[in-house]
Participant: 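One structure, as C-alpha cells, below. Some questions next.
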Amino acid sequence: MTSDAGPTPDIHEYLAQLEDIPGTRIYTAARARRGYHINQFAMSLMTEDNRARFRADERAYLDEWPIDEAAKQALLRRDYNALLDLGGNIYFLSKLFSTDGISFAEAVSTMTDMSFPEYRDMMLRGGRSALGNRSIKGGY
Amino acid sequence: MTSDAGPTPDIHEYLAQLEDIPGTRIYTAARARRGYHINQFAMSLMTEDNRARFRADERAYLDEWPIDEAAKQALLRRDYNALLDLGGNIYFLSKLFSTDGISFAEAVSTMTDMSFPEYRDMMLRGGRSALGNRSIKGGY
Amino acid sequence: MARITAGVGSSHVPLLGVAVDQGKTEDDYFGPIFQGYEWTKRWEEEQKPDVVILVFNDHATAFDMKIVPTFAIGCGERYKPADEGWGPRPVPDVEGHADLAWHIAQSLILDEFDMTIINEMDVDHGLTVPMSMMFGTPDRWPVKVIPFAVNVVTYPVPTGNRCWAIGEAIRRAVESFPEDLNVQIWGTGGMSHQLQGPRAGLLNREWDNQFMDALIGDSDAARRIPHIEYLRETGSEGIEMVMWLIMRGALGKETRCLHRHYHIPCSNTAIGHLVLEPVETG
Amino acid sequence: MARITAGVGSSHVPLLGVAVDQGKTEDDYFGPIFQGYEWTKRWEEEQKPDVVILVFNDHATAFDMKIVPTFAIGCGERYKPADEGWGPRPVPDVEGHADLAWHIAQSLILDEFDMTIINEMDVDHGLTVPMSMMFGTPDRWPVKVIPFAVNVVTYPVPTGNRCWAIGEAIRRAVESFPEDLNVQIWGTGGMSHQLQGPRAGLLNREWDNQFMDALIGDSDAARRIPHIEYLRETGSEGIEMVMWLIMRGALGKETRCLHRHYHIPCSNTAIGHLVLEPVETG
Ligand SMILES: [Fe+3]
Ligand SMILES: [Fe+3]
C-alpha cells in the first residue's frame, strides 16, 4: 500500500485517474447526470406493485419515464455494460435483476466475457487477478 | 462583538447556554424529538388539497396524526407558545398560520404580551431592545 | 477560468416577496426598503453575472424532519418556487448551473466538506426573495443559480468558523472551473429578528451594523462569533447571519464595500444589505 | 460515561443474508464463511454491548439520486428492513438509540463535521447482514443500533482521512455522553470486489490482508490510502473499505486484534472480518 501518498489531488486529476481503470465505469457526476432517470426508474422497482406492473408490460412501464430510446432498449435487453455507459449504476440496476429473480453474481457475470458457470469457477479459484487490470495507461 | 471567543464549548455547555435566553425556545434535539409529529403535521399543509381538508374539519385531520391531546388542543387554539413548549418550530408552524391567512407578524404577535397593533407599533419604533433580554441568569 | 467577482449580503423576509408580488414596493412602508436595493439592481444589470451561488436556508419547505442536511448543494437543472402554505410565488422557475454545481460539490467533498448533493427540490422565500430584490420582476431570471442550503433551524447549526471555511473552499472550487464565468455569491437571511416566544420582535441596530462592519476589510474576527452571541444579541432567527459568513469567506483575504443599506423594520425583521468585492492582494 | 469498547470490521454481502434466511449457513459453500464468525458470535454474547454504531452504506435504497448525503446519522427510534427488489428480509426491525444518536449528531456538528440527520429510513443489507452475522437469528436484536450511512456510491466519496477523522470525533462524542453504555462501532463493506463491467470479479487477497494488518497496532498510515488505490487494487466496490477507517479512527491511538478471518469468495466478493479492541495508552 502507498501509505504515505501525497496531498489529495485536485478534482481534475482525481477524475482523470478514475477513467484509467480497465473495464470499469466509476459513478462520477458525469455518469450520475447522464443516467439519472435510468437509475430513478430502477429504484421504482422497490415495491411489489411496481414490479408486477413492470413485469406485465415492460415497455409501457418504461414509457412512463423520461429515458431515451437507446437506454430503453438496453434496459429491455438487460445489457448492463451498455447501461453503465449510459450512466446506470450497479446498485440502482440491481433492483432490475432482483425483479428478474437472478442473483447478483449471475447478473454481474453478464458484463464479463465469461458464461455464468465460467465466472463462478473463476471466483472459486480466487477471482480475477489485479495484475494487468490496474491501469489502462500504465498497463500494470 | 466578542470577536475572539475561545474554542467551541462542549455540547453540554453549548446546550445549557441555549436555555438561558428569556422568552425563547431554541429548536434543539430535545424539542425536535418531542415536537416531531406536530411539525410533520404542519408540513402537510403545503398542498391546497390538505389545507382544504384541514379547514373542512380540523379535528378529524389532526386525528390522522400521532399527536397527543394536549398538542391537538394547542393546535386547535393556535396557542403558539404552548406549541413551542411542546417542540413545535416556528417555520413548521408557519404553514398553519399561512393556512389561516394571517401574516407572519400577526401570528408572531400572539406569542408576546402585546396586541397586534401594539406589537406593530413597537416594531415601527425600532423593535424590542436586547437590553435585559439577553440572559436569564445574567439578567443583562 | 471562473471567478467570484462579488458578494452580496441580504435579508430574505417573506413579506418582501409579498410586496413585490402585490406591487406595493413604492408605498410608505416598503418604499424605504426597496430604495436601498435600487443601487444594487442597477449594478447587477451592469455586472451581468453568469451564475449566482445563492446561500440560503430552507424554512421547513424542501426538508422536513425526516432529513436535515447541514450543507446541501443543488446540482439540478431547474427548481420551482415552493408552496409555503399560501400557494407558490408567481415568479419564474430558477435555472440551475449543473456543470459548475457538480464541480463545486465534487471539489468540496475532496476538500473534506461533508456535502449533501440535491438534484430535486422546490425553493422557498429564502431563495426567491433575494432574487426579486436584485432583479425585480422579469419573465425569466437573468442568471443561473446554484442553491446552497444551510441548516439554521435545527441545532446545532454549523459554526461560524465552518461557514467561513466552506466559503474559502467554494472560492478555490470556482477558481478551478475551466469555463470563463462571472460568479457572484450571495449570503442571505437575517439580520436581527426573533419570530417566536414572548421575546419576539427583538431588533438590534447596533449589533447588526457592527456585523456588517466586520465583513468589510481584512479582519476574519467574525468567523469566531459564537452562536450564543447571535441568539442573545439579534434574536433566535438572527442566527441566519452565519450564512453571510460563507459569502464573506468566499471573497478571500480582504473586501471593499460597494453599497450598504440598513432599515428597521420589515414585518418582524431588520433589513440589511451589503455589496462587497474582493480586494486582490499580492 | 459511555465508552467504545471494541470495533468490528466485516463484509456485508447480500448473499450472506440469503444464506441465513434460507438456512444454508452450514453447507459446503457457506460453511467456511460462517465458521469464521462463530468466535465473534460467542464473543458478542459475552460482551453484551448496549449500542452498536453501525457504519454502512446505503445501496440505492433509502437514498435515491434526489438526495445524496456524505455522512448521515440515524437519530430515529426504529428502522425497518428495506425491500431491495425481492421483498424485505425476514429479520427483526432495528431499534435505534435516539438519545445517544442525537448526542453524537450534535457533537459532530459542533466539531465541524457537516452531518445529515435522518429520522426515518429503511435499512438495507449493508446494515442487516452484519447484524445476522454477529447475532444469528433472534426474534429481537439484542442491541440498539445507530445507523451511520456513508456515501460510497456517487463520487467523490469521503477521503480516507476524513473517515478516520470522523471516527476520532465519534469517540470524543461517545465519551462525553453521561450514561454508562457499552458501545461498539462496526465498519462494514468490502473487502475486494467489483460488481460491474468487464473487470468484474476482481479479488485481491494480498491487498485485503495488508489492509487488515494496517488497522492493527498504532500506525495511522491507512488514513492516507488514496481512493484510486482501493479502486485499482480491490475493484470498484472495494472502496467500501473506507468505512472500516471510521471504525478504526474511533478506537484511538492503538488497537489489538482479538479475531481475524478471511475467505474467498462469497458471490462476487472477498469476505474479511476483524475484531479489534482499543489499547489504552497513557
Ligand atoms: Fe430566513
Ligand atoms: Fe456494500
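Keep in mind the model is a prediction, meaning the values are calculated, not measured. All chains are named by letter (A, B, ...) in the order of the sequence lines, taking the proteins before the strands, and each is independently numbered beginning at 1.
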Participant: Where does C:Asp83 contact chain B at under 4.5 Å (heavy atoms): side chain, backbone, both or neither?
Facilitator: both
Participant: Under 4.5 Å from any heavy atom of chain C, what part of B:Ser135 do you find: side chain, backbone, both or neither?
Facilitator: both
Participant: Does the plane of the ring in B:Tyr14 sit parallel, tilted or perpendicular to the ring in C:Tyr155? Use 30° and 60° as the thresholds.
Facilitator: tilted
Participant: What part of C:Tyr230 gets within 4.5 angstrom of chain B, counting heavy atoms only: side chain, backbone, both, or neither?
Facilitator: neither
Participant: Using a cut-off of under 4.5 Å on heavy-atom pairs, state which of B:Ser103, B:Gly126, B:Gly101 scores highest against chain C.
Facilitator: B:Gly126
Participant: Counting only non-hydrogen atoms closer than 4.5 Å, does B:Ile11 touch chain C with its backbone (N, CA, C, O), its side chain (CB onward), both, or neither?
Facilitator: side chain
Participant: Just to verify, what does C:Gln35 make a side chain to side chain donor-acceptor pair (under 3.5 Å) with, not counting sequence neighbours?
Facilitator: none
Participant: Considering only heavy atoms and a distance below 4.5 Å, find which of B:Gln17, B:Met46, B:Met122, B:Glu106 pairs most often with chain C.
Facilitator: B:Met46
Participant: For C:Thr234, is it the side chain, the backbone, both or neither that has a heavy atom under 4.5 Å from a heavy atom of chain B?
Facilitator: neither
Participant: Go through the atoms of C:Pro156 and report whether side chain, backbone, both or neither lie under 4.5 Å from a heavy atom of chain B.
Facilitator: both
Participant: For C:Ala221, is there any backbone N or O sitting under 3.5 Å from a side-chain donor or acceptor partner on C:Ser219?
Facilitator: yes
Participant: Determine, stepwise, if the pair C:His227 / C:Val157 fulfils side-chain contact (heavy atoms from CB on, under 4.5 Å).
Facilitator: CA-CA 8 Å; C:His227 291 164; C:Val157 308; 3.5 Å; yes
Participant: Hey, does C:His193 have a side-chain heavy atom less than 4.5 Å from the side chain of C:Leu202?
Facilitator: no
